[in-house]
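Data block below; observations after.
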Amino acid sequence: MVNRKIIFFGIAVILALVSLSFSVFSFDDSNPEQHIMLEIYEVPAYNAKGIHIYYGNNQSEFIPFRKLKEENQEKNGDLIVTTINKLSKEGFEITHVGSGLSNNGMITKIFMTRK
């Protein structure tokens with residue numbers, strides 16, 4: 001008998017990959033300077049845990065998380081929301097989101113376009 005956790009994990013990974021592929025392939029690049037990408041690494045084994053923002057033209061920004069521990073969960077979540085709100089005030093809106101599990105953690109990609 002197959003363990004339910006394994007089945008759930010498999011389905012979650014498949015759904016995340018399908019979601020990410022739809023996000024990437026439906027991306028409109030008619031005006032590339034208007035798009036940015038956020039990568040959010042919530043992977044304990046990854047050294048650069050945090051928010052990576054790619055503006056294009058070799059411009060990027062890294063906002064580190066506090067240690068990935070239970071007591072920092074709310075602070076790291078607030079950091080994500082604060083960053084997205086800041087970018088929204090600068091005229092960007094979320095157009096696509098994809099995420100997936102990796103090494104007991106989560107990687108999320110958020111694509112934003114200037115309004």
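Starting from 1, each residue takes its place in the sequence as its number.
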Student check: side-chain heavy atoms of Ile80 and Leu38 closer than 4.5 Å: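 No; the side chains remain at least 4.5 Å from each other.
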Heavy-atom check, side chain of Leu79 versus side chain of Phe65, under 4.5 Å:
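Yes, close enough: below the 4.5 Å cut-off.
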Kindly give the heavy-atom pair with the smallest separation between [X] and [Y], and that separation in Å.
| X | Y | answer |
| --- | --- | --- |
| Leu68 | Glu42 | CD1-C, 3.7 Å |
| Glu90 | Arg114 | O-NH1, 2.6 Å |
| Val43 | Met106 | CG2-O, 3.8 Å |
| Thr113 | His35 | OG1-ND1, 2.9 Å |
| Gly105 | Pro44 | CA-CD, 4.3 Å |
| Tyr41 | Ala48 | CB-O, 4.1 Å |

Measure the spacing between [atom1] of [X] and [atom2] of [Y] and express it to the nearest 0.5 Å.
| X | Y | atom1 | atom2 | answer |
| --- | --- | --- | --- | --- |
| Ile36 | Thr95 | CD1 | OG1 | 9.5 Å |
| Met37 | Ile110 | CE | CD1 | 11.0 Å |
| Met112 | Ile53 | CE | CD1 | 9.0 Å |
| Glu71 | Asn76 | CD | CG | 10.5 Å |
| Tyr55 | Leu87 | OH | CG | 5.0 Å |

Margin query: Tell me whether Glu74 at atom CD has more than 12 heavy atoms from other residues, nucleotides or ligands lying less than 6.0 Å away.
Written below: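 It does not: Glu74 CD has 12 such atoms or fewer within range.
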Could you tell me whether Gln73 atom CD has more than 12 heavy atoms of other residues or ligands within 6.0 Å of it?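 Atom CD in Gln73 is not packed in, count stays at 12 or less.
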Q) Which of these, Ile40, Ile107, Thr108, sits in a side chain to side chain contact (heavy atoms under 4.5 Å, CB included) with Ser99? A)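 Result for side chain to side chain contact (heavy atoms under 4.5 Å, CB included) with Ser99: Thr108.
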Exercise. Linking I/L/V/M/F/W/Y whenever any side-chain heavy atoms sit under 4.5 Å apart, do Phe111 and Phe62 land together?
Worked result: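 Cluster IDs for Phe111 and Phe62 differ.
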Lys49 side-chain N/O to Tyr46 backbone N/O, donor-acceptor pair under 3.5 Å:
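Checked: pair present.
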